[in-house]
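Okay, structure first, notes after.
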Amino acid sequence: MDPILKAALGKPARTFTAVRGELPDGAAPLRLLNGGQAVIAGETYLGRDDRFGAIDKISPISDGVKSEATTASLVLRTATAEAIEVLANPRTQGAPITITQGAIDTDTGGVFGVELLFRGEINYAVLVADEETRAVRVELITEEARALEPNDERRLSHSFHQSVWPGELGLVHVTGVTQKDFWRIRKPSVSYSGGGGRPGGGHFDGGMAHLF
């Protein structure tokens, strides 16, 4: 936690969580606060927006470990049909989103101790509705999570590189691209049961040859 924010908790101050999003196609930016109003870095954040409604909940945010990455979700309550259409538009996927927390001095209204909780992008949005309320759940994702998605169709080769960036010759003379590169996981050990003799390039121990 930011030291200034931590110190603020012992003073007459109110903490807040703010959501900032840049949406495509000229749509109005998303600037929401979990209650009240505040000016953060020169931008006005509202507790309720005429189009996007209000923040209903934000999922707990924690750092990813090993083969996991940080993700989050955001629920906006009473969002308008226009807002739902914008958030669910395929063009919105990848739009940058940041979530911050900080404190507001209750005497002066000044904002201080702002720290970043999450930096990522919109993955997809889902309408959540019942007889009484209507909300939209926005699933957020990070670049690290994108990197961990299955990508069996991708190849580190000149032909695949050309299919994505035609005319870019960065891999035209690259060799050894068929070798496996283990990322974020331990390289699996290779072993086999053997009878006798000493296999080249390894060591023999009790009938089990270990290759390196």
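The structure displayed is predicted, hence computed values, not measured ones.
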Less than 4.5 Å apart, any side-chain heavy atom of [X] and any of [Y]?
| X | Y | value |
| --- | --- | --- |
| Ile58 | Val19 | yes |
| Asn123 | Gln93 | yes |
| Arg119 | Thr142 | no |
| Ile40 | Arg20 | no |
| Asp49 | Arg51 | yes |
| Tyr45 | Val111 | no |

Closest heavy-atom pair and its distance - [X], [Y]:
| X | Y | result |
| --- | --- | --- |
| Ser59 | Ser73 | OG-N, 2.8 Å |
| Gly170 | Glu168 | N-OE1, 2.8 Å |
| Ala54 | Gly47 | CB-O, 3.4 Å |
| Arg91 | Pro24 | O-CG, 3.5 Å |

- So among Val136, Leu32, Ile55, which one has a side chain to side chain contact (heavy atoms under 4.5 Å, CB included) with Leu74?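 Testing Leu74 for a side chain to side chain contact (heavy atoms under 4.5 Å, CB included) against Val136, Leu32, Ile55 leaves exactly one candidate, Ile55.
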How long is the span from the [atom1] atom in [X] to the [atom2] atom in [Y], to the nearest 0.5 Å?
| X | Y | atom1 | atom2 | value |
| --- | --- | --- | --- | --- |
| Leu23 | Asn89 | CG | CG | 10.0 Å |
| Leu87 | Thr92 | CG | OG1 | 6.5 Å |
| Arg48 | Leu76 | CZ | CG | 11.0 Å |
| Ile141 | Ile97 | CD1 | CD1 | 13.5 Å |
| Phe52 | Glu82 | CZ | CD | 7.5 Å |
| Arg137 | Leu127 | CZ | CG | 10.0 Å |

- Check whether more than 12 heavy atoms from other residues, nucleotides or ligands sit under 6.0 Å from atom CD of Glu22, and answer yes or no.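 Yes, the 6.0 Å shell around CD holds more than 12 heavy atoms from other groups.
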- Query: Residues two or more places apart in sequence or in another chain: which of them pass side-chain contact (heavy atoms from CB on, under 4.5 Å) with Val39?
  - Reply: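 side-chain contact (heavy atoms from CB on, under 4.5 Å) list for Val39, sorted by chain: Thr44.
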- Query: Short question: side chain of Glu121, backbone of Leu140 - any donor-acceptor pair under 3.5 Å?
  - Reply: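 It does not hold such a pair.
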- Same apolar cluster (I L V M F W Y, side chains within < 4.5 Å links), Phe16/Val75: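 Result: no, two separate clusters.
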- Which other residues end up in the same hydrophobic cluster as Leu169, if Ile, Leu, Val, Met, Phe, Trp and Tyr are linked when side-chain heavy atoms come under 4.5 Å apart?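 For the cluster that includes Leu169, the remaining residues are Val172.
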